[in-house]
Amino acid sequence: MEKAKISAYQLFVLVLLFELGSALILPLAIGAKQDAWLAILLGMIGGGGIFLMYDRLFRFYPDILPTEYVQKIIGKTLGRILAFFYLLYFAYIAARIMRDFGVMLVTFAYPDTPLFIINALLVIVVVYTVHKGVEVLARSGELLFVLIVVVAVAGFILVLVSGLIDPSNLKPVLEERISSVLKVTLTETLYFPFGETVVFAMLLPYLNHPFKARKIGLLAIGLSGVILASVMAINISVLGVSLTSRSQFPLLTTIQMIQVAEFLERLDIFFMLTLVVAGFFKISILLYAVVTGTANLFQIENPSRLAYPIGLVILILSVTIASNFAEHLQEGLQLVPVFLHIPFQIVIPLFLLTLAFLKTKRKQGQ
Amino acid sequence: MLGFFKKRQKKKANGLNDKRHPEIDWLNTIDASLSINLEIIKEKTGNSPDVIIRELSMGLNDSVRTAIVYIEGMVDDQSIKDFLIESLMKNQNLQEKVTQQEPLGLLKKKAVPFGDVVTGREWDQLFSSLMAGEALIFIDGTAEVLIIDTRGGEKRAIEEPSSQVVVRGPRDGFTEDIRTNISLVRRRIRNPSLWVEPMKIGQTTKTEVAIMYINDVANEKVVKEVRRRLKQINVDSILESGYVEQLIEDQTFTTFPTLYHTERPDAVAGNLMEGRVAIFVDGTPFVLLAPAVFIQFFQSVEDYYTRFDLATALRFLRILIFFISLIAPAAYVAATTFHQEMIPTQLLITVAAQREAVPFPSFIEALLMEITFEILREAGIRMPRAVGSAISIVGAIVIGQAAVQAGIVSPAMVIIVSITAIASFATPSYSVAISARLIRFLFMVAAATFGFYGIILGIIMLTVHLCSLRSFGVPYMSPLAPFTLVNNSDTIIRAPWWAFWQRPRLISGENTVREGSRQKPRPPMNREMVSRSNEKGDSNE
Amino acid sequence: MNKRLFFIFLLGAVLLSGCWSKKELTDLALVAGLGIEKNEEGKYVGTIQVVNPGNVAEGQQGGGSGQGPPVSVYSATGDNIIEASRELSTKVSRRLYYAHTNLVVIDEQLAREEGITKILDAMDRDPEFRVTTTVIIAHGVKAGDIMKALTPIDKIPSSKIIKTLKFTEESWGEHLNVNIKEVINALTSSGKEPLITGFHLIGDHDEAKKMESIQQTAPAATIQTNGLAVFKEGKLIGWIHGEAAKGSVWILDRIKRTNVTINWKEEKGAISYQVMRQKTNISARMQDGQPIITVEVRAEGDIGEVIVPIDLTDPHVFLEIEKGAEEEIKKEIEQAVQEAKEYKSDVFGFGEAVRRLDPDAWETLKAEWDDRHFPELQVEVKVDAFVRRSGLRNKSFLSQTEENR
C-alpha cells in the first residue's frame with residue numbers, strides 16, 4: 001500500500017467522476033422508456049445500499065486493502081484466489097469502459113482511425129497518471145472536475161436556451177407499470193453504474209478521515225444519480241423516446257441539436273471530449289485499483305511500475321473483448337450483470353461481511 | 001572534435017581540484033613578518049594591479065611598519081582615502097603612541113573610524129574578506145590582521161524594475177548588490193523577526209547568498225530544507241540566481257518553474273509575510289522565493305494594491321490568456337483539419353476561401369508562422385535596441401503583409417498567431433509564459449495528429465503533470481488541488497483585504513492568523529461626520 | 001530513465017502514425033444542400049450543391065470573387081442514397097463533406113410514390129450529417145431544378161431557402177421549418193404524421209442556372225414557399241395552403257408572429273391584428289370511451305393597421321377587436337382540422353395527446369386511429385386573444401378625414 005492520503009472532498013470528486021464516467025454517454029436504462037430517470041433513481045437508492053455494505057467491511061479493516069482483508073476473513077489461499085479474481089474483474093470493467101469511449105470517438109469524430117490507436121492514446125495518459133500515484137490522481141480529479149462542471153452547466157444552459165426541451169415527451173409516467181421499471185433497475189442500473197463503486201473499497205483505506213467514508217460515498221452516489229437521471233430525462237425530452245433508444249450515444253445527439261444564434265452549432269466534439277475526461281478518471285481509478293491490488297497481493301515493492309504491463313493488458317482486452325459494438329453492448333446488458341456484477345458486487349461482499357461480522361462477534365465473546 | 005572536448009573537460013577538472021585541495025599547508029595562518037605576508041598576497045593574487053598594497057610606517061621614528069591591503073573598486077574609495085589613511089597617517093597623537101607592543105589593539109580602539117572591525121589570522125578568512133571588499137591592515141611583527149569593513153564601490157542605483165512593471169505601486173527594484181537588496185526588504189518589514197542567514201556558495205566565485213525569512217511565520221521545516229539544499233550545492237560558480245534555482249528545485253524535468261523569482265522588494269516582502277523563504281544572490285537583481293505554487297505566477301503585486309473586484313477580473317483574464325497562449329494555434333489546426341463541422345457554416349466558407357490558395361496543410365502553415373514569430377521575438381530581445389525597431393518593422397511586413405499577399409499563409413492564421421503572441425506577452429510571469437511557449441508546440445503536434453482528442457489528452461496530461469509537481473514539499477497546484485477553501489480567497493479570485501484571514505496553510509508555519517477579526521470597514525450610517533454648515537441644501541436624505 | 005525513453009518513443013510512434021481522420025479544408029467539397037429524386041429507371045438521383053468558397057466570400061484574393069457561380073451542382077444515380085453519393089465522387093475533385101449540409105430537398109413525385117421513409121436512414125445514421133438539417137419538398141418542380149437555381153442576396157441557394165423558411169415561419173406562419181429529427185420522430189410515432197413545407201420555382205428553370213439570372217434586379221426565377229405537404233404512412237398524400245396551413249401551424253404551437261385580418265362590420269379586412277406572442281395547448285379527455293381534443297390558444301398582439309374610422313381609445317372597441325381575432329383564429333384552426341380529417345392524416349399529434357392521457361385506451365384506438373377515429377374526432381377550439389397596444393397612434397387619421405367631410 002502506497003503511503004498516501006486523500007481528503008474527503010477528493011474522494012467525493014472521484015466517486016462522482018467514476019459514476020458519471022461512462023454512464024453519461026450510453027442510453028442508460030432506456031429499457032424503461034420515458035421512465036428511465038425513475039429506473040436510474042431507484043438504481044441509485046439500491047447503489048447507496050450496496051455502498052453501505054462496502055463501507056461496513058471497510059470499518060472492520062480500516063487500515064488495509066481489501067486484497068489483504070479478504071485473506072484474513074476466508075484464509076490465505078482462498079482469499080488470495082478471490083482477490084485475484086477481483087483484480088481480473090476490475091481490469092475487465094476498465095477494458096469495457098475503454099471500449100465504450102473508443103467506439104464513441106471513432107463513431108463521432110475519427111471514422112478512419114483504428115480503435116486500437118484511439119484506445120492506446122488514452123492508455124498512455126492513464127498509465128502516466130496511475131504511475132504518479134493516487135494523490136496525483138485525486139488532485140487532477142479536483143482540477144478537471146471544475147472543467148466538467150463548467151462544460152456541463154454551459155451545455156444545460158444552451159439546451160435550455162435553444163428551446164429544445166419538450167417535457168411532454170416524458171409523459172405518460174409509468175406507461176408500462178412499475179414492474180418494468182423495477183426490472184430495468186434490477187438488471188441494469190443497480191450494477192451499472194452504481195454497483196461498480198465496489199472498486200472504491202480499494203481506495204477507502206487511503207482516506208484521511210475514515211469515518212467520513214460513508215457520508216461522502218452516499219452523497220456522491222446520490223448526486224451522481226440525480227445528475228444521471230436528469231441528463232437522461234433531458235435526453236428523452238429533447239429527442240423523444242424512439243430517437244433516444246435508437247441512439248448509441250444519446251447525450252451527444254442531444255448536444256448536436258443545439259443551435260444558438262447560428263453560431264453555436266455542432267458542439268458535440270467539446271462535450272465528447274469532456275466526457276472523455278470523466279471516462280479517463282473511471283479507467284484510471286480502475287487501473288489504479290488493479291495495480292495497487294496486484295502489488296499488494298504479490299508483495300511487489302514498487303507498484304507504479306506495474307502500471308505499464310497492466311495498462312497494456314487492458315488496452316488489448318478493450319479491443320478484443322467483442323468483435324463489434326452490438327456484441328459489446330449485448331454482453332454488457334445481458335451476460336455481465338448476471339455472471340460478473342451480481343457475484344462480485346453483491347453476493348461475495350455480503351458473504352464476506354457476514355463472515356467478518358461473525359468473526360468479530362466471536363472475538364468479543366472470547 | 002570529440003577528442004578536443006574530452007581534453008578540455010579534463011583540464012577544467014584539474015583546475016577545480018587545485019582550488020579544492022590547497023597544497024600549501026604552511027599558508028594556513030599568517031606570518032609575523034610583514035614582507036613575507038605581502039609576498040604571499042602578491043603571489044596568490046598573481047600580482048594583479050587592482051590589489052593595492054599601501055605600505056606606511058607609524059610610531060616614533062617610523063619604527064612600526066604597516067600595510068593596508070585592499071582591492072580597488074571593491075572598496076569604498078572615499079572612506080579608504082578620507083578616513084583610513086588619513087587617521088593612520090595624520091594623527092600625530094596616535095603616531096607617537098604606537099609601539100611594537102599591542103599595536104593592533106590600539107589601532108582597533110583608537111584609530112580606525114569604522115563600524116565593523118575584527119581581527120583575523122587565517123589566510124582563508126583574510127582572502128575572502130579581501131575579495132569581498134574589506135581592507136586589511138598588516139603590522140610588522142604581529143601575526144594578526146585588522147579586517148575593516150570598507151565594502152562599497154560602484155553599484156547601480158535603485159531603479160524601477162524592468163521585468164515586472166506596475167501602474168500603482170512602489171517604483172524601487174532590486175539591484176545587483178545583495179546588501180542593498182536586503183536593506184530594501186528590511187525597510188518594509190521593520191521587525192526583529194526578519195532573519196537573514198548569509199552563506200557563501202561557489203567554490204571559485206564565493207558568491208554571497210542569503211536566506212531571509214520571518215522567524216515565527218515561515219515554516220521551520222521549509223527553512224531547514226532550503227538551508228540543507230543550499231549547503232549541498234557544490235559548484236564552482238554562482239553567477240545568477242538561476243544557478244541556485246536549478247540546483248535546488250524539486251523537479252528538473254518540467255517546463256514549469258517551481259521557484260518564484262522577482263525583481264520587486266514589495267513582492268518579496270509580501271511573500272515573506274505569507275511564510276515563504278527568500279533567497280538573495282549577490283550579483284543579480286532577481287530574488288528567489290520558495291515554496292512556489294502555480295497560481296502565484298498569475299498574480300501580480302499590483303493585484304493587492306488595486307481594488308479586489310478589478311484584481312479578480314484580471315486574474316480570470318490571465319488564466320484565459322494562459323490558455324490562449326497554450327492552445328490557440330492547436331485549436332485552429334484541430335478545427336480546420338479535423339472538426340470542420342463545429343465551425344459555423346458561414347465562417348467555414350470564409351476560412352476555406354482564404355485557405356483555397358495556401359499551398360501548405362494547416363499544421364505546416366501554423367508551424368511556419370509560429371517559428372517565424374519565435375525567431376522574430378528572439379531577435380527582438382537579443383539585438384541592440386537600435387536594431388530592434390528595424391526588426392519589428394521587417395517582422396510586421398513579413399508576417400502581416402507579404403506572407404498573406406503571396407498566398408503563403410492565410411489571414412486567419414496571421415490573426416491566430418498574433419493573438420497567441422499578444423497573449424504570451426500578457427502573462428504576468430515571464431517564466432510561465434516561456435514554458436507555455438514550449439508546450440504550445442507539443443499541443444500543435446497533438447492537434448495535427450488527433451485533433452481535439454489530442455488536445456484534451458494533452459490537457460489531461462498537463463494537469464496530471466502539474467499536480468504531480470511539488471515545491472519544497474508543497475503541492476504545486478495548491479490551494480486549488482488539494483483544495484483548501486480558506487486559502488482560496490487569494491488564488492483565482494482575490495478577496496478584499498478584510499477577508500484575508502489566514503496565510504496559506506500549506507506554506508506558512510503554525511502562525512496562520514493574518515489579521516484581526518472584524519476588519520471590514522464599518523462607516524457610520526448617519527451623517528454625523530458631515531459638518532452642519534455644509535449639510536444645508538443637500539436633500540438626498 | 002529507460003522507462004521515460006520508452007514512453008516518449010511510444011508516444012512518438014503513435015503520434016507519427018496518426019493523421020488518419022485528417023481532412024484539409026482544401027480537400028473538402030462543402031455540400032450545402034442535397035436534392036433527392038427518382039429517375040425513370042427507378043434509381044435514386046442525388047443532386048448536390050457544392051460551395052465554391054472563393055466565389056462566396058468577398059474580398060479574398062486568389063478566389064477571383066464574383067467571377068464564377070457561388071455553387072456548383074452535380075448529380076449522380078444509385079440504388080440507395082449512399083451509393084449515389086459515392087458515385088458523385090467520380091465527378092467532384094474533392095471529398096464530399098456533408099457536415100454543413102443544412103438542406104434536403106425531396107422530390108414531390110418520389111414522396112408521393114415511394115414515400116420518404118427509405119431515404120432518411122442514411123442521413124439519420126451518418127455521423128457527418130446533421131440531425132438539424134431542414135427538410136423541404138419540391139412542389140411541382142424537380143428537386144434537381146431547385147438545387148440548380150441561383151439566388152441573389154444570399155448567394156448560396158440552400159441557405160437562401162433555409163432563411164426564407166425561417167423568417168416566413170417567424171413572421172407569417174404558414175410554413176414550418178422542420179428538420180430530419182422532427183420528421184423521423186413524427187414518422188416513428190404512432191399518433192403523429194409529419195408536415196413538411198413545399199417550395200416551388202417560379203420563372204424560367206433554365207435561365208435560373210445562369211449567373212445572368214441574378215445579375216438583374218428581377219431574377220429569372222425565384223424559389224418560393226408553396227404549401228404544406230401532408231403525409232400518411234410516410235407517403236405524401238396532398239397539400240394544404242393558406243388559412244388551413246396557418247391553422248395547422250397554430251395547432252402545432254409554432255406560430256411566433258403572424259397577422260390576422262379581421263373584418264369590421266361590413267368592411268372586409270378592416271383591421272390587422274399582429275400576433276406577437278402565443279401559446280397553444282392541446283389536451284385530450286375521454287368521454288364515453290371516446291377521446292375529445294381541446295385546442296386552447298392564447299394570443300397576444302398589437303394592432304397594425306386600421307382602415308375604418310374606429311375609436312381606439314375606447315376599451316370596448318378593443319374587446320370587440322379581440323372577439324373578432326378570436327373568431328378568425330378559430331376559423332383558421334377549424335379549417336386546418338377539417339382538411340387534415342379529409343386527408344385522414346393526424347398531422348397535429350392528437351393521437352400522441354390521447355396516448356399521454358390514457359395509454360391503455362390508446363392501445364385499442366391505435367390501429368384504426370388515422371382511418372376511423374381521427375376523421376370522426378371531436379375537436380374543441382378555444383381561443384383567447386388579447387390586444388395589448390395600438391401602435392404609435394390611438395384613433396386613425398381616417399376618423400378625422402371622415403369628420404371633416
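Every heavy atom of this structure was used, including side-chain atoms; hydrogens, water molecules and symmetry mates were not. Here is how names work: the chains are called A, B, and so on, in the same order as the sequence lines, proteins then strands, and each is numbered from 1.
Interface residue B:Met477: only side-chain heavy atoms are found under 4.5 Å from chain A. Residue A:Leu122 touches chain B through both its backbone and its side chain, counting heavy-atom pairs closer than 4.5 Å. Residue contact with chain B, scored on non-hydrogen atoms closer than 4.5 Å, is absent for A:Ile6.
Counted by atom type alone, A:Thr129 and A:Ser284 present zero donor-acceptor pairs between their side chains at under 3.5 Å.
When A:Leu105, A:Val276, A:Val277, A:Leu267 are compared by the number of non-hydrogen pairs under 4.5 Å with chain B, A:Leu105 comes out ahead.
When atom types are taken as modelled, the side chain of A:Tyr110 and the backbone of B:Phe450 share a donor-acceptor pair closer than 3.5 angstrom.
A:Phe270 and B:Phe452 have their aromatic ring centers within a separation under 6.0 angstrom.
Between B:Phe298 and B:Phe322, the two ring planes are perpendicular [angle over 60°; tilted spans 30° to 60°].
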